[in-house]
Amino acid sequence: MEEAGLQTWVDQMGNVHGRAKGKNESEKALLIGSHLDTVIDAGIFDGALGIISAISALKVLHISRELEKLKRPIEVIAFSDEEGVRFQSTFLGSAAISGVLPVSALQMPDKSGVTVQNVLKDNSIEISGEGLFALKYDPESIWGYVEAHIEQGPVLESAGLPLGIVKGIAGQTRLKVTVRGSQGHAGTVPMSMRQDSMAAAAELIVLLESLCKHPDNFLSLDGQCERSMMESLTGSLVCTVGEISCWPSASNVIPGETTFTIDIRAMDDLGRQAIIYELSNRMHQICDRRSVSCVIERKHEANAVGCDNGLSSQLKSAALSAMKRISGEVVEDAPVLMSGAGHDAMAMSHLTKVGMIFVRCRGGVSHSPAEHVSNDDVWAAGLAILSFLESQL
Ligand code: GLV
Ligand code: MN
Ligand code: MN
């Protein structure tokens, strides 16, 4: 960031900032960002690509002495924790900036009981509730937020184009389910007398899969409103159990407790809530039938977000100009996509208008070491941000 001529600092949530003042420091600022953290066993592009393309574009303007000519301040923010892998709650960095991170988030524990506040302290960052409040940006001082991100899906690859524009981002809920049964000896307790928390969890997980594959088989459809909700759900609802553990986790012990996560996403917020309501009712029925207890906790909630039309059309022009610069050929139109993945733009939408560019990836693969973006497509992302910034000159 410093090589790109930016003034830098790290804030009390661990976000890294780099700012160019532009011609007039009191103008509303454009924020460009993405996240520095990633998932377990990840690739190198998810998050980092958006930060690198923004810094690279600003570096070009710095070298050509145009940074000072920008009509508004531009700030790159590398957000500290978007994925929510450690504490389950996502967007810790961007939610702090947009003012939607509750003070209670500082006391969230990871699996070994270490809180967000402890982790920051171990990294020489002291944060209090007041400190968190002070991180919130004044919406009056911000013009908008832009993010470039790896697509994490196959659409751009099949369209044969490096860049696309994001129309909106699906809403998401994360749940933690704890099933408690009766721990016992694997060799001695007859099958009919078990309260096996793992077998119960297996039935709950298969229920989730059926519900999300065929929501229309589970929800009643009375009116027009329900029918349009169902159409939107059928096209976008996705549900995942990505993490499961049991106690005491030994091959000759009937598990006394099994815990698993549920990630539910859909474009329709009411539909998502209807699924969660139906799911919890049916889960409790299964647990009652199996004589195990079942506790469902909500760990994260974010409604769907629509990208700003004006920003999206500016980003589309920038993407088209970047594609022309690279191939020399005019691309008539850029694909417009919905995002099933969550992004910092969701949290930033509480502060300001947001717009996003997607970058093609190989085979649509992400959240995997096989994640790949070609050098030319990384270049396209940087050039698109540069073209967008040039429109701000
Ligand atoms: C972030 O990558 C998410 O969508 O979970
Ligand atoms: Mn991710
Ligand atoms: Mn990401």
Side-chain angles (χ1 to χ4, degrees), residues 14-16 31-54 76-95 97-98 101 145-156 163-164 166-176 212 236-243 260-267 269 272 298-305 307 337-349 354-373 377-378 381 385:
N15 297 312
V16 183
L31 308 179
I32 316 180
S34 200
H35 56 103
L36 275 178
D37 68 319
T38 191
V39 294
I40 296 161
D41 202 26
I44 61 168
F45 297 93
D46 176 4
L49 176 62
I51 300 165
I52 292 295
S53 49
V76 181
I77 313 182
F79 295 112
S80 55
D81 184 331
E82 185 266 358
E83 302 280 7
V85 170
R86 184 164 182 178
F87 300 100
Q88 290 303 314
S89 186
T90 70
F91 312 136
L92 294 185
S94 44
I97 299 287
S98 61
L101 190 69
Y145 171 80
V146 164
E147 179 167 358
H149 200 281
I150 174 174
E151 180 200 340
Q152 310 183 280
V155 177
L156 292 173
L163 301 173
V166 180
K167 190 170 187 278
I169 310 170
Q172 52 173 276
T173 300
R174 290 190 191 183
L175 307 171
K176 179 180 167 195
C212 296
S236 70
L237 179 65
V238 283
C239 307
T240 308
V241 173
E243 202 183 327
F260 62 94
T261 58
I262 296 181
D263 179 310
I264 300 185
R265 304 180 188 213
M267 291 301 167
D269 293 327
R272 191 176 88 254
R298 280 196 197 224
K299 291 291 185 183
H300 173 68
E301 196 72 57
N303 278 346
V305 163
C307 291
L337 291 79
M338 293 300 293
S339 174
H343 299 290
D344 289 298
M346 294 180 96
M348 296 304 280
S349 71
V354 301
M356 286 190 73
I357 287 187
F358 267 173
V359 186
R360 169 170 62 186
C361 61
R362 189 176 59 199
V365 175
S366 184
H367 282 187
S368 154
E371 181 181 275
H372 183 73
V373 179
D377 290 1
V378 172
I385 297 294

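First listed ligand is number 1; within each ligand, the first listed atom is number 1. Below, each value reflects all heavy atoms present in this structure, side chains not excepted, and no hydrogens, waters or symmetry copies.
With a cut-off of 2.8 Å, the Mn ion (ligand 3) has no N, O or S atom of His343 in range.
A donor-acceptor pair shorter than 3.5 Å can be found between the side chains of His149 and Asp46. Neither side chain, Arg265 nor Ser236, offers a donor N or O lying under 3.5 Å from an acceptor on the other.
Draw a line from the Mn ion (ligand 2) to NE2 of His367 and another to OE1 of Glu83, and the angle between them is 90° (to 10°). With the Mn ion (ligand 3) as the vertex, NE2 of His35 and NE2 of His149 span 110° to the nearest 10°.
Ring geometry for His372 versus Phe45: interplanar angle over 60°, hence perpendicular rather than tilted (30 to 60°).
Looking only at distances, a side-chain donor or acceptor of Thr261 sits under 3.5 Å from a matching main-chain atom of Glu243.
Interface atoms of ligand 1 facing Arg174, defined by a heavy-atom separation under 4.0 Å, are 5 (O). Atom numbering of ligand 1 starts at 1 in the shown order; those under 4.0 Å from a heavy atom of Ala341 are 4 (O).
The six-membered or imidazole ring of His343 lies away from that of Phe91, with a centre-to-centre distance of 6.0 Å or more.
The line from OG of Ser53 to CD1 of Ile51 is 9.0 Å long, rounded to the nearest 0.5 Å. Interatomic distance, His367 NE2 to Ile40 CD1, rounded to the nearest 0.5 Å: 11.0 Å.
Considering backbone and side-chain atoms together, Gln152 places no N or O closer than 3.5 Å to any N or O of ligand 1. Among the atoms of Gly342, some N or O lies under 3.5 angstrom from an N or O of ligand 1. Between Glu83 and ligand 1, a contact under 3.5 Å exists for at least one N or O pair.
Among protein heavy atoms, the minimum distance from atom 3 (C) of ligand 1 is reached at Arg265 NH2, 3.3 Å.
Screening Asp37, Asn15, Leu36, Thr90 for a side chain to side chain contact (heavy atoms under 4.5 Å, CB included) involving Asp81 leaves a single residue, Asp37.
In His149, neither the side chain nor the backbone holds a heavy atom less than 4.0 Å from any atom of ligand 1. Contacts between His343 and ligand 1 below 4.0 angstrom, taking non-hydrogen atoms only, are absent altogether.
Looking at Asp46, its N, O or S atom nearest to the Mn ion (ligand 3) turns out to be OD1.
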